[in-house]
Amino acid sequence: MRPVHLVRRFVRALWPGPPRATDVAWVESVLTPAELAVWRQLPNHDRRYSIRVARRVEHLLSGTRFADEPCWSAVALLHDVGKLDSDLGVFRRAFATVAGAVRPRLRLSPGPLGRYLRHDEIGAERLRAAGARDEAARWAGVHHQAERWDATGIPATVAAALDAADNS
Ligand SMILES: [Fe+2]
Ligand SMILES: [Fe+2]
């Protein structure tokens, strides 16, 4: 992720408000009750962020043969639920992201920093345990590792859109 994206995300995360009611209604129409129960546990800034990513995915896939598949919006809404388990605030998350890029082995460390850096695999486990759709768990588990996208069975066009939306 480019530094400008990290800074923009950081600034947005400082705004404390909930997502708009119309956006929440859209999320409720896209997610299953089991998925919604997980999504609702996210703090406000994570819910707002997940909506931005999912809306972008919807936009990027419009005009493709995946345009009428709300499944991919659901996958986007749920891709970062593993961050729930790290319990890191906005400032420590920013530090963890930079530290993890400099020292990849920090991913293996116990404690909140390591859990944050492993939010992909933790999120996948959380989604499987909750009974979320399989695609959501598969994407959550690999979304930061492009070399593993092929093995998920998620179409390359969709994976590219999910990634672009996450990093714009
Ligand atoms: Fe992530
Ligand atoms: Fe993300």
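Read the numbers this way: they start at 1 and go in the same order the structure lists the ligands and their atoms.
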Checklist outcome for this item: Note: OH(Y49)-the Fe ion (ligand 2)-OD1(D166) angle, rounded to 10 degrees, equals 70°

Next on the checklist: Can you tell me how far apart CG (D23) and CZ (R55) are? Round to the nearest 0.5 Å.
Outcome noted: 5.0 Å

Next on the checklist: Suppose we only count N/O/S atoms under 2.8 Å; would D120 qualify as near the Fe ion (ligand 1)?
Outcome noted: no

Item to check | H119 backbone or side-chain N/O/S under 2.8 Å from the Fe ion (ligand 1) | outcome: yes

Checklist entry - According to the interplanar angle, ranging from 0 to 90°, do the rings of H119 and H143 count as parallel (below 30°), tilted (30 to 60°) or perpendicular (above 60°)? => result tilted

Checklist entry - Where does the angle between the aromatic ring planes of W72 and F66 fall among parallel (under 30°), tilted (30 to 60°) and perpendicular (over 60°)? => result perpendicular

Next on the checklist: Looking at P19, is its backbone amide N or carbonyl O close enough to the side chain of R48 to form a donor-acceptor pair, meaning the two atoms are under 3.5 Å apart?
Outcome noted: no

Checklist entry - Would H143 count as a contact for the Fe ion (ligand 2), in the sense that one of its N, O or S atoms lies under 2.8 Å from it? => result no

Item to check | the Fe ion (ligand 1) to D80: nearest N/O/S atom name | outcome: OD1

Next on the checklist: Run the salt bridge (Lys or Arg N to Asp or Glu O under 4.0 Å) test on R126 and D85 for me, step by step, so that the C-alpha distance in whole Å, both residues' side-chain angles and the decisive distance to 0.1 Å come before the verdict.
Outcome noted: CA-CA 9 Å; R126 184 182 265 274; D85 294 84; 2.9 Å; yes

